[in-house]
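Each chain gets a letter, A, B and so on, in the order its sequence line appears, and its residues count up from 1.
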Number of protein chains: 2
Amino acid sequence: MRALDVLGRRWALRVLWELRDGPRTFRALREACDDVSPSSLNQRLAELRGLGVVEPGDTGYGLTPAGVRLGRILLELSRWAEDTVRDRAAK
Amino acid sequence: MRALDVLGRRWALRVLWELRDGPRTFRALREACDDVSPSSLNQRLAELRGLGVVEPGDTGYGLTPAGVRLGRILLELSRWAEDTVRDRAAK
DNA sequence: GCTTGCGCTACATATTTGGTAGCGATACGC
DNA sequence: GCGTATCGCTACCAAATATGTAGCGCAAGC
């Protein structure tokens, strides 16, 4: 499945995650993602735009409606991750 | 977030996906994942075991309870992906 | 016209992934 | 006991991908 392939690349989920609460400029996004290199970010953004989940606007890059739906799933994913970490720490 | 980092590596989501309906042997898993190289698969399995979502058993590798929960989220992710593909195809 | 910040590209280096061969262990029939 | 079949997995090298750093072209503000 093409979509899952793109999402399984480095920084892809993270970029989406950072865009959840509003658009960000290229440079702001870069900082938010632990200063990912501009080449990597640019490549990932191109792929995500190709998927139709991210699009550039006046205030920087933002999520499309499909991206917003994906963001909600990511929220569950992050909750799962938190729970997992907590469970493992409790051992 | 460490968990999302591991999940954002190549084949990680796919491996989890292929284990949804029951354990698989190392070699069966390899075939299921488009014949991923054993070195990559082994590395990913080690990381997923480290995360506590996959574990080896008598009939091969299987999901832990945390892995099963994650699998349900992945199901939503795949549904999202299908919808996205359909929407884009309809354009 | 000079500065500032923007998106983004170029390019060399480092890291990750992939391909192929095959090892040691276990289980089977013979 | 002896081939042989399959298992999980390692070694090793080539190919693909990510990173780091520098800086270009552009638009806005002064």
Side-chain angles (χ1 to χ4, degrees), chain A residues 1-64 67 70-71 74 77 81, chain B residues 1-64 67 70-71 74 77 81:
Chain A
M1 196 172 296
R2 182 80 196 129
L4 285 186
D5 182 26
V6 168
L7 296 181
R9 293 216 173 94
R10 206 156 181 194
W11 300 113
L13 294 181
R14 176 66 173 273
V15 165
L16 259 13
W17 181 255
E18 297 297 346
L19 291 180
R20 267 173 321 130
D21 35 43
R24 282 173 186 269
T25 65
F26 186 93
R27 296 200 177 193
L29 201 47
R30 215 166 96 70
E31 282 178 30
C33 295
D34 303 339
D35 275 324
V36 55
S37 71
S39 21
S40 303
L41 178 57
N42 192 39
Q43 200 173 334
R44 218 65 342 133
L45 281 173
E47 292 161 0
L48 291 172
R49 287 170 68 178
L51 250 194
V53 294
V54 158
E55 65 188 354
D58 288 349
T59 54
Y61 285 95
L63 296 179
T64 63
L70 180 52
L74 252 38
L77 197 60
Chain B
M1 195 173 294
R2 183 81 196 129
L4 285 186
D5 182 25
V6 168
L7 296 182
R9 292 214 173 94
R10 207 156 180 196
W11 300 112
L13 294 181
R14 176 67 174 272
V15 164
L16 258 14
W17 181 256
E18 296 297 346
L19 291 179
R20 267 172 321 129
D21 34 44
R24 282 173 186 270
T25 65
F26 187 92
R27 297 200 176 192
L29 201 47
R30 214 165 97 69
E31 282 178 31
C33 295
D34 303 338
D35 274 322
V36 54
S37 71
S39 23
S40 303
L41 178 57
N42 192 38
Q43 201 173 332
R44 216 66 341 132
L45 281 172
E47 292 161 1
L48 291 173
R49 286 170 67 177
L51 250 194
V53 294
V54 158
E55 66 189 354
D58 288 347
T59 53
Y61 286 94
L63 296 179
T64 64
L70 179 52
L74 252 38
L77 197 60

Expressed as a whole number of angstroms, how long is the span from [X]:[atom1] to [N]:[atom2]?
| X | N | atom1 | atom2 | answer |
| --- | --- | --- | --- | --- |
| B:Asp58 | C:dT26 | CG | P | 15 Å |
| A:Arg14 | D:dA18 | CZ | P | 16 Å |
| B:Arg24 | D:dT6 | CZ | P | 18 Å |

Each nucleotide N or O in nucleotides 4-6 of chain C that has a protein N or O under 3.5 Å away: list the pair and distance.
from  : atom 1 : to      : atom 2 : distance (Å)
C:dC6 : N4     : A:Arg27 : NH2    : 3.3

Listed partners of A:Asp58 passing side chain to side chain donor-acceptor pair (under 3.5 Å), at least two apart: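 Once residues adjacent in sequence are excluded, A:Asp58 has no partner under the side chain to side chain donor-acceptor pair (under 3.5 Å) criterion.
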Non-neighbouring partners of A:Arg24 that pass side chain to side chain donor-acceptor pair (under 3.5 Å), sequence neighbours left out: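 Result, side chain to side chain donor-acceptor pair (under 3.5 Å) vs A:Arg24: none returned.
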Might you work through the side chain to side chain contact (heavy atoms under 4.5 Å, CB included) test for A:Val54 and A:Leu63, ending with a clear yes or no? CA-CA 5 Å; A:Val54 158; A:Leu63 296 179; 4.1 Å; yes
Among pairs that include at least one residue of residues 31-42 of chain B, which meet salt bridge (charged side-chain N to carboxylate O under 4.0 Å, His left out), considering only residues two or more places apart or in two chains?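 Output for this query lists B:Arg14-B:Asp34.
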So does A:Asn42 get a side-chain nitrogen or oxygen closer than 4.0 Å to the phosphate oxygens (OP1/OP2) of C:dT9?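 The answer is yes; a side-chain N or O of A:Asn42 sits under 4.0 Å from OP1 or OP2.
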Distance under 6.0 Å and angle within 45° of ring axis: A:Arg9 vs A:Trp11: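 No, A:Arg9 does not lie over the aromatic ring of A:Trp11.
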Determine whether B:Phe26 and B:Pro38 make a side-chain contact, defined as any pair of heavy atoms from C-beta on separated by less than 4.5 Å.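 Counting from C-beta outward, B:Phe26 and B:Pro38 do come under 4.5 Å.
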In chain order, what residues pass the side chain to side chain contact (heavy atoms under 4.5 Å, CB included) check against B:Thr59, with sequence neighbours excluded?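 Side chain to side chain contact (heavy atoms under 4.5 Å, CB included) list for B:Thr59, sorted by chain: B:Pro23.
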Base-contact (B) and sugar-phosphate-only (S) positions in nucleotides 10-20 of chain C, heavy-atom cut-off under 4.0 Å, - elsewhere: BB-----SBBB
B:Leu7 and B:Leu70: CA distance, side-chain angles, deciding distance, side chain to side chain contact (heavy atoms under 4.5 Å, CB included) verdict: CA-CA 10 Å; B:Leu7 296 182; B:Leu70 179 52; 4.1 Å; yes
